[in-house]
Structure formats: structure tokens, C-alpha cells
Amino acid sequence: MNSYIAIDLGTSGVKLLLIEDNGHILAERTESYPIYHPHPEWSEQNPEDWWNAVKSGLKKLLDGHDGHSVKGISFAGQMHGLVAMDKDGNVIRPCILWNDGRTEKQTKYLNERVGQEKLSVFTGNIAFAGFTAPKILWLKENEPENFKKISKILLPKDYLAFMLSGEYCSDFSDASGMLLLDVKNKRWSEEMCGICGIYGGQLPKLHESYEAIGNILPALAKEFGLPEDVKIIIGAGDNAAAAIGTGTVGKGKCNISLGTSGTIFLSNDKFTVDGKNALHSFCHADGGWHLMGCILSAASCRKWWLEDILNSTDYEKDELDVASAQTDGLIFLPYLSGERSPHNDVKAKGAFIGLTSTTTRAQMSRAVMEGVAFALRDCLEVANSGGLSVTQATICGGGAKSKVWREITANILNLPVSVPKTEQGPAYGAAILAMVGCGEYEDVSTAINKLVELKAEIKPEKQAAELYDKKYQLFKKLYPLLKDTFSQM
């Protein structure tokens with residue numbers, strides 16, 4: 001039986017799966033690496049740390065398994081990060097990550113001086129601080145010597161693909177988040193390259209997410225005990241890969257991700273843009289397109305609250321406490337790292353509103369979960385106002401392991417929510433892309449029909465949904481009221 005390797009490059013660590021062509025997971029491995037904050041609002045990682053983690057993880061993953069059965073390797077990865085490479089294939093500086101907030105000036109320049117209408121025509125999107133193009137402008141303005149050294153610009157997962165294959169490539173789904181891609185026509189935007197002061201030759205060759213870009217380098221095949229004809233399939237950005245792993249392909253499907261960040265992912269068979277560009281218009285890993293609302297802090301909010309503030313790692317006890325708590329008028333704004341969709345505000349801050357002398361720890365824990373779901377509803381409201389009809393969703397990510405949080409999300413969004421039987425999200429999607437790229441399945445749709453199963457569906461409770469709807473009307477008033485205050489803090 002053939003097997004495949006999926007590499008999911010996350011923000012806190014890399015997950016590796018060894019999976020058979022029938023979807024059975026043979027082994028999995030997670031390796032961690034640090035994140036650096038050299039200045040307030042800065043967020044960086046060293047690509048060499050990723051690569052060292054992958055090498056260590058691959059050896060452990062394959063230990064005790066037949067490496068010669070492996071046919072392909074594919075990727076999912078954190079999006080938007082700027083990996084700048086010199087002419088010798090070396091990393092010039094640490095990668096500026098998706099949740100880095102240093103580019104407020106450059107984002108404002110793009111949206112106001114270049115103009116949102118032009119950006120939308122060039123790319124299908126407006127500028128957000130996390131996107132890659134503002135980071136390139138920041139580098140040009142603040143580190144001109146490093147900017148001059150740039151020979152190639154890669155995204156995080158594409159750096160791993162380069163290290164394994166020697167090829168400078170990316171896929172349409174991940175490239176969509178750079179603000180350099182003409183998403184509608186699936187080509188680099190000459191206008192955006194000119195605005196950023198780069199040329200097309202510095203950007204990677206583009207592929208569909210399920211396409212092979214080459215084979216593993218012979219020396220690495222020998223090191224890991226793999227055949228030299230193992231194909232390297234470029235893979236997808238983490239959200240598109242998660243959508244593949246949950247069966248979210250074709251028109252009208254929805255996936256909710258409660259990872260470090262949170263997303264609502266709406267798949268489509270054609271290119272669309274919402275009226276205000278509050279949602280991202282990106283290419284999908286199945287060859288189509290999607291709209292996506294992204295909030296910068298989701299499961300990271302719960303981790304911050306429980307581990308950093310309460311100094312606890314007892315998630316099971318917290319889950320029991322939260323299950324019976326009633327938050328009444330207590331509301332949490334989850335903007336711990338600023339916010340992307342739909343507010344596009346790096347100055348937005350987190351807040352508890354409605355605290356009283358009787359507020360309990362359990363109530364505050366539940367309010368954190370509710371606040372994340374309310375922020376996701378903000379994105380869903382934009383989609384609904386644009387005429388999209390969302391009637392059900394799947395859910396994945398670390399936060400989705402919480403039964404209470406799944407129920408809260410279903411009630412606040414007023415949508416039935418299903419959990420995939422295989423809860424590996426982006427990594428499972430990457431494995432499916434590897435199989436398609438190696439010819440195991442004809443196309444992505446055929447593969448997910450065979451490999452993706454859903455288990456218990458959480459249906460919204462009528463009374464709870466109605467109460468949360470009233471509370472949401474309060475939630476959505478708070479950011480506009482506090483926006484100016486946030487900017488002055």
C-alpha cells in the first residue's frame with residue numbers, strides 16, 4: 001500500500017503525518033520552535049528553526065515504518081510570512097509572520113495612497129497588516145540593505161518545499177494572501193510588483209495546490225530512507241488545506257477553524273469579492289476560489305486567558321466549569337493582536353466589558369469563547385449581506401476539540417456544525433493533496449468523497465440562538481465605540 005507524508009507548518013510547531021492511501025494514519029509527530037517578539041507588535045521566526053524541526057520530525061515519523069512506500073510529500077502552512085532569500089539560497093533575515101503588526105504605515109499607504117479600489121482591481125483584495133506586500137514595503141523602507149539582497153521571496157511552507165526539492169515555487173491559495181497575486185486571473189500582478197519595487201523573477205513559480213513541483217533531493221532521500229522518486233507536491237495555505245481536510249470544496253460549503261487564529265472559509269466555483277473587501281477573496285486548493293473572514297486571535301485567546309493570566313493548564317476542569325456558567329451581560333472582545341476581518345485595525349485591543357463584583361472565573365472563561373464566536377459571526381454577517389447562503393458548516397482546529405466551544409459556536413452563528421471524523425485539519429488536507437498530485441485519486445473532489453467523513457452534528461438550540469442574537473447586537477456596537485480609544489492607547 002502506498003503512503004504519503006503531510007507537513008503542516010504552524011505558528012507554534014510543525015505537525016507531520018504518515019498516512020496510507022486509504023486515509024489511515026500510520027504515525028504523527030509534532031515538533032515545536034520558538035517565536036520571537038524583538039519589539040512590541042513584532043512577530044518573527046527563523047526559517048532554519050522550521051527546517052531543523054522538519055528534519056527531526058521526519059526521522060522520528062518514519063522510525064519503524066517502511067520509507068520506501070512513500071510516494072509523495074505535501075504541505076500546509078501558516079500564510080503571509082515574508083521569507084527573503086539571497087542569490088545563494090540563504091535566508092536574509094528572520095521571517096516576518098502573519099500576526100506581525102509593524103506595517104500599519106505601509107498598509108495605510110497602500111489603502112489610502114494607492115487606493116482600495118485599485119488594490120481590489122489588481123488583486124481582488126485590500127491591504128491588511130498581515131499580508132506580505134506591506135512587509136516588503138516595510139523592509140524596503142527600514143532595512144534597505146536586506147531589501148537589496150533579495151533574490152527570491154517565499155512563503156513559509158514554500159521554504160520547506162525549496163529545502164526538500166531545490167525549487168522556488170508556491171501555490172495559488174497561499175500566494176493569494178500576499179497582495180501580489182491577481183487572484184481572479186491566477187497570475188502575479190505587474191502593478192503590485194511595481195508598487196512594491198520588486199520584479200516577477202523574484203517571485204516563485206505558481207502551481208495549483210495539488211501539482212508536483214519536482215522530486216526530493218537525492219541526498220535528503222538517502223538521509224531519510226526515502227525513494228529518490230518521491231514527489232514534492234506544493235500544497236496549500238493552512239486554511240485552504242484545512243478546507244480540503246474537512247471536505248469544504250465546491251460551491252456553498254463552509255468551514256470554521258478555531259486555531260491560533262480563527263477563520264470562516266466559504267468555498268466557491270467562481271471568483272467573487274464582497275462589496276467592502278472586508279473578507280479575503282482567495283484561490284482555493286481545489287482549483288476554485290473562496291471567500292474568507294480571518295480573526296487574528298481565536299484559540300490563542302483561551303490559551304492566553306487560561307495559561308498566561310490564570311496560570312493553569314487544566315483545560316478539562318475549565319471545560320467543566322464553563323459548561324454550566326452563564327455570562328449574562330459579560331462580553332469579551334478578542335482583539336489581542338489587533339484585528340483583521342472585518343475591521344482591519346492593528347490598534348484594536350482585547351477587553352472584558354460588563355464586569356461586576358459577582359463575576360466569576362468560569363463566566364470570564366466562557367466569555368472568552370463567546371467573544372471569539374461573536375467575532376466570527378461578524379465575518380459571517382458580511383458574507384450574508386453579500387448574498388451568500390450558508391446553511392451548515394464543518395469545524396476544525398485545536399479549539400474545536402472543546403465540546404462547549406463547538407456548541408457556543410453553533411448557537412452564536414445559528415448554524416449546524418459538524419466535526420470531521422479525522423480531526424487533523426490542514427495536515428489531513430495536505431495529505432489528500434499529496435495523493436492527488438501522485439495520481440492516487442483523479443482530482444480533489446474524488447479524493448475527499450473517499451477519504452473525508454463527518455461525525456456528530458451540533459445543531460443550534462432555538463432559545464440559546466435567540467439569546468445570543470440579542471447579545472451579538474450589543475457585541476457589534478462595542479468596537480465602533482472603542483475604536484478611537486484603542487488608537488490612543
Side-chain angles (χ1 to χ4, degrees), residues 11-12 35 37 39-43 97-104 107 128-130 256-264 278 293-313 315 318 321-322 325 327-356 359-381 397-399 402 404-405 408-409 412-413 468 471-489:
T11 310
S12 58
I35 184 170
H37 304 284
H39 298 282
E41 298 184 350
W42 287 29
S43 186
L97 299 188
W98 60 274
N99 57 353
D100 186 282
R102 77 185 71 182
T103 62
E104 182 182 12
T107 303
F128 289 81
I256 299 160
S257 176
L258 292 176
T260 301
S261 61
T263 60
I264 282 191
C294 178
I295 64 171
L296 292 181
S297 300
S300 54
C301 287
R302 190 182 187 196
K303 183 177 185 295
W304 161 80
W305 171 244
L306 198 62
E307 297 185 20
D308 297 343
I309 304 302
L310 300 180
N311 196 28
S312 171
T313 56
Y315 283 83
D318 187 65
D321 294 341
V322 165
T327 52
D328 300 322
L330 182 63
I331 293 175
F332 174 71
L333 300 185
Y335 312 135
L336 300 182
S337 300
E339 190 53 295
R340 188 180 294 181
S341 302
H343 304 309
N344 196 11
D345 184 0
V346 298
K347 296 296 186 182
K349 300 289 190 294
F352 282 103
I353 311 290
L355 292 167
T356 72
T359 299
T360 66
R361 163 181 166 163
Q363 288 175 317
M364 295 177 77
S365 291
R366 187 179 181 96
V368 168
M369 293 180 174
E370 292 174 350
V372 170
F374 282 136
L376 289 171
R377 177 161 170 180
D378 273 343
C379 300
L380 184 63
E381 292 288 315
S402 164
V404 173
W405 211 347
I408 288 171
T409 302
I412 287 178
L413 299 183
Y468 273 133
K471 195 169 184 178
Y472 173 69
Q473 304 311 315
L474 296 175
F475 175 89
K476 70 180 185 180
K477 292 179 181 178
L478 293 174
Y479 169 76
L481 290 172
L482 292 168
K483 179 180 179 180
D484 290 343
T485 303
F486 288 150
S487 68
Q488 295 169 28
M489 293 175 73

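Here the OG atom belonging to Ser297 is positioned 11.0 Å from the CZ atom belonging to Arg340, to the nearest 0.5 angstrom. Here the CG-CZ distance, from Leu333 to Phe374, works out to 10.5 Å after rounding to the nearest 0.5 Å. The CD1 atom of Ile408 sits 8.0 Å away from the OG1 atom of Thr327 when rounded to the nearest 0.5 Å. The distance from atom CH2 of Trp305 to atom CG of Leu336, rounded to the nearest 0.5 Å, is 11.5 Å.
When every heavy atom of Phe332 is checked against every heavy atom of Ala367, the shortest pair comes out as CB-O, 3.3 Å. Scanning both residues, Leu413 and Ala373, for their nearest heavy atoms gives CD2-O, 4.0 Å. Shortest non-hydrogen contact noted between Ser337 and Leu296 is O-CD1, 3.3 Å. Across all non-hydrogen atoms, the minimal contact from Phe128 to Ala278 is CZ-O, 4.1 Å. Across all their heavy atoms, Gly399 and Trp405 have their closest contact at O-CE3, 3.6 Å. Counting all heavy atoms, side chain and backbone alike, Gly262 lies closest to Leu376 at C-CD2, 3.9 Å.
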Please output the side-chain donor-acceptor pairs of residues 342-353 that fall under 3.5 Å, not counting sequence neighbours, one pair per line with the distance.
from, atom 1, to, atom 2, distance (Å)
His343, NE2, Tyr335, OH, 3.4
Asn344, ND2, Ala127, O, 3.0
Asp345, OD1, Lys347, N, 2.8
Asp345, OD2, Tyr479, OH, 2.7
Lys349, NZ, Lys347, O, 2.9

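Considering only residues two or more places apart in sequence or on other chains, Thr359 meets the side chain to side chain donor-acceptor pair (under 3.5 Å) condition with Thr356. Judged as a side-chain contact (heavy atoms from CB on, under 4.5 Å), and not counting sequence neighbours, the contacts of Ser341 are His280, Cys294, Cys379. Take Glu307 and apply the salt bridge (charged side-chain N to carboxylate O under 4.0 Å, His left out) test, not counting sequence neighbours, and it matches Lys303.
Within 6.0 Å of CG in Asn311 there are 12 or fewer heavy atoms belonging to other residues, nucleotides or ligands.
Legend: side-chain hydrogen bond (donor to acceptor under 3.5 Å, both in side chains) pairs involving residues 480-489, not counting sequence neighbours: none detected. Under the salt bridge (Lys or Arg N to Asp or Glu O under 4.0 Å) criterion, the residue pairs touching residues 361-380 are Arg366-Glu370, Glu370-Lys471, Arg377-Glu381, Arg377-Asp469, with sequence neighbours excluded.
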